[in-house]
Undergrad: 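Take a look at the following structure, please.
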Amino acid sequence: MTHPLVTYRVVCAQNQRNLYHRVGNVAREDSVLSTMQDVPLLISRILTHGSTVHGSSRVTTWTGEPEPHRRTFAEIGARAARLAHALRDELGVRGDDRVGTLMWNNAEHVEAYFAVPSMGAVLHTLNLRLPAEQLVWIINHAADKAVIVNGSLIPLLAPLLPHLPTVEHIVVSGPGDRAPLAGATARVHEYEELIAGRPDHYDWPELDERQAAAMCYTSGTTGDPKGVVYSHRSVYLHSMQVNMAQSMGLTDQDTSLVVVPQFHVNAWGLPHATFMTGVNMLMPDRFLQPAPLAGMIESERPTHAAAVPTIWQGLLGELTARPRDVSSLTQVTIGGAACPPSLMAAFDKLGMRVCHAWGMTETSPLGTVARPPAHAVGTDEEFRYRVTQGRFPAGVEARLTGPDGAHLPWDGESAGELEVRGAWIAGAYYNGPDAEPLRPGDKFSADGWLKTGDVGTISPDGYLTLTDRAKDVIKSGGEWISSVELENALMSHPDVAEAAVVAVPDDKWGERPLATVVLRPGASADFQALRTFLAEEVRIARWQLPERWTTVESVPKTSVGKFDKKVLRRQYAEGELEVTRL
Ligand code: AMP
C-alpha cells in the first residue's frame, strides 16, 4: 500500500463541494512519517483563541455620536456563536451555503467574519461601492442564501432584491429605515432580535482546512468579476504572515484603525490577524471622510492604520488644513495602489511612518511589504527601499516573465510580468458548477502560478518595484514609459494634489502619455511649469515627458478607491476632456 505522504493539491472551491484537483502526487513507501499532530488550521480556532486568550481586547466602532461603541473580543466570540445558532436554526444555513455581507467595517461585520466560516458556511463580502448590476451579478453567481446588511445600506440592497432569486433571508443590523424592505419576498430579520437568547457557545465543526471559508470578487475592470475563494488554511497561514514583525508586526498593545473595507480582500486580513494576537480594532463604520477619520485618530489614539493611498491623500489635506494630535499613529500600512513617495515623505514629517505593501484579491492580499533591510536602516538608502513595493515573505514565491515567456533575472533592471505562487495565492477562480477547476492561460501559467498583470523589477535581495499594470504601460516608439513614475513625479510638486497618467493613441509614436492633474486650491503652476519641473527637477528623460495635459476636479476612482484609468481613457477617446498640447 502506498502512503500518500506528500500530496500536492490545488484546491478549487468549486461549487463549495471541495473539489480537489490533484496536479501531482508523490508517494513513498519507505518514508519516515512525521510524529506531529494533524490539527486543521480553522478560522474557528482563531476565534476561540482571540475570544479567550485575548478576551479583553476590543473592537471599537465609530458611531458619529460622542461615544463610540465598544465590544470585547470575548463578547464578539459569544455573539458569533449566537449568530451561528441563528443562521443554522432560524435561517437554515447548512453546509457550504453562502452568506453575503453588505456592511461597513464594524463589530457586527467582525462577528459575521467568524460565525459564518466557523460553522462551515462561506462568507461572501459584498463591495458596497459596485454598480447595482455588478452586485446583482455577483450575488447570483455566488448564489448567496442570505445577506446581512447594515441598515444604512438598505436603499442600496432593496431595489436589487427582485433580481436575486437565491436570497431567502435578509438580516438587518444597525440604524437605518427598514421601510424599503417592506415588500421583499425574502424573509427580513433584525440582527439583534435574531441572535438574542441563543447560546453563547457553539460546537464549531472540525472541518477540512482546505474547505472554502470566504469569497471575494475582484473589481472586474474588464469582463465579469472573478470570484476568489479563500480556504480556512489560506486564511490561517495568511494571518500568521500578517502578524510577523517583518509584515505588520502588531501586538495586543496596538490598536489598528481598519480603514480598508472589510469587503476589500478581508480588510487585508486584519480581523483574522488581530484575533490571533489581541490587537484592538478601531472600525470607522460609514465615517470614512477625512474629518471624522482625523477625529477618531485624535480621540481613540490608534497606533496603526491601513488604507489605500487616496484615503491618505485626503487625510493629509485635512491634517494640513486643520492640524490634530495624531502622534499615536506611528505605523501606517499603505497598499492597494502605488504609494507616491511624496505622500510617504509628508507623513514622515507628521511622525506617521508609512509602510508600503503590495497585494491583490487573489493574494489574500499580502504579497510584499517594504520593510528596509537592516543594513539600510538609518542610511540614505532607507527611503529608497521604503518606496519599493517591498520584499516577498517566505510564503510567497515570485518570478518575472518577459514578453517571450522567458523568466528574467532578479537584477533590479529586467522588467517583466510578476507571477507568484504560495499557500495563500489563488490557483483558480470560482466559476460555477460546470467550469474547469484550473484554467491555465488567462490568469494562471501552465504550471499553476498566478499571473498578476503587474509589471516591474525585482532586486537581487528580493524587493519588488512595480512600474505599471501590464494594461497601463505606455508603449511609445517601441520603448516603455512608466505611468506610475510620471504620476509620482507629478505628485511630488507642491501644487499637485493628484495625478494620473494614461496612454493615448499617437500617430507617430503609437502611444504617448496624457497627464491628468488635480491642482491644489490656489495653485499657480501651469502645464508648462509642471513639464519643466518634470524635466529639470525630477530629471525625467525628455522623450518621456507628456505633451498632452488636462486638469480635472478629481481623478475618477474605482469601487475600492484606486485611480480608474479605464474611465480616463474612455473620456479622452470620447473627447470629454479638455486637452492642452504643449
Ligand atoms: P485588488 O485585487 O483590487 O486589490 O487589486 C490588485 C492590484 O492593485 C494589483 O494587481 C496592483 O496592480 C495594484 N496594487 C496593489 N498594491 C499596490 C502597490 N503597493 N503598488 C502598486 N500597485 C498596487
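Remember, it's 1-based here, ligands and their atoms both numbered in the order they're listed. Because the structure is a prediction, the values reported are computed rather than measured.
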Undergrad: Only heavy atoms of H356, strictly under 4.0 Å: list the atoms of ligand 1 that pass.
TA: 18 (C), 19 (N), 20 (N)
Undergrad: Quick check, are the ring centers of F114 and H272 under 6.0 angstrom apart?
TA: yes
Undergrad: Below the 3.5 angstrom mark, is there an N/O of A357, backbone or side chain, next to an N/O of ligand 1?
TA: yes
Undergrad: Ring centroids only, cut at 6.0 angstrom: are Y236 and H232 within range, meaning strictly under it?
TA: no
Undergrad: On a heavy-atom basis, which atom in A337 and which in H356 lie closest, and how many Å separate them?
TA: O-NE2, 3.9 Å
Undergrad: Which of the numbered atoms in ligand 1 are below 4.0 angstrom from a heavy atom of G336?
TA: 8 (O), 13 (C), 14 (N), 15 (C), 16 (N), 17 (C), 23 (C)
Undergrad: More than 12 heavy atoms of other residues, nucleotides or ligands under 6.0 Å from CE of M240: yes or no?
TA: no
Undergrad: Report yes if C339 has an N/O atom closer than 3.5 Å to an N/O atom of ligand 1; otherwise report no.
TA: no
Undergrad: Considering the heavy atoms of R469, write down every atom of ligand 1 situated less than 4.0 Å from one of them.
TA: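 Contacts of ligand 1 toward R469, numbered from 1: 9 (C), 10 (O), 12 (O).
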Undergrad: Is it true that Y430 and H141 have ring centroids separated by less than 6.0 Å?
TA: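 Yes, the ring of Y430 comes within the 6.0 Å limit of the ring of H141, centre to centre.
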Undergrad: Could you check, using the six-membered ring where one of them is a Trp, whether W449 and F444 have ring centers closer than 6.0 angstrom?
TA: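 For W449 and F444, the ring centres are not under 6.0 Å apart.
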Undergrad: So W549 and T516, side-chain hydrogen bond (donor to acceptor under 3.5 Å, both in side chains) or not? Walk me through it.
TA: CA-CA 6 Å; W549 293 76; T516 307; over 6 Å; no
Undergrad: Tell me which one of H264, K562, E362 gets a heavy atom nearest to atom 6 (C) of ligand 1.
TA: K562
Undergrad: Hey, does D454 sit under 4.0 Å from ligand 1 if you only count heavy atoms?
TA: yes
Undergrad: Take every heavy atom of G359, measure it against each atom of ligand 1, and state whether any distance is under 4.0 Å.
TA: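 For ligand 1, residue contact (heavy atoms, under 4.0 Å) with G359 is present.
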Undergrad: Any nitrogen or oxygen of A338, main chain or side chain, under 3.5 Å from a nitrogen or oxygen of ligand 1?
TA: yes
Undergrad: Counting only heavy atoms, which portion of Q389 has something under 4.0 Å from ligand 1: side chain, backbone, both, or neither?
TA: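 Side chain only; the backbone of Q389 stays clear of ligand 1.
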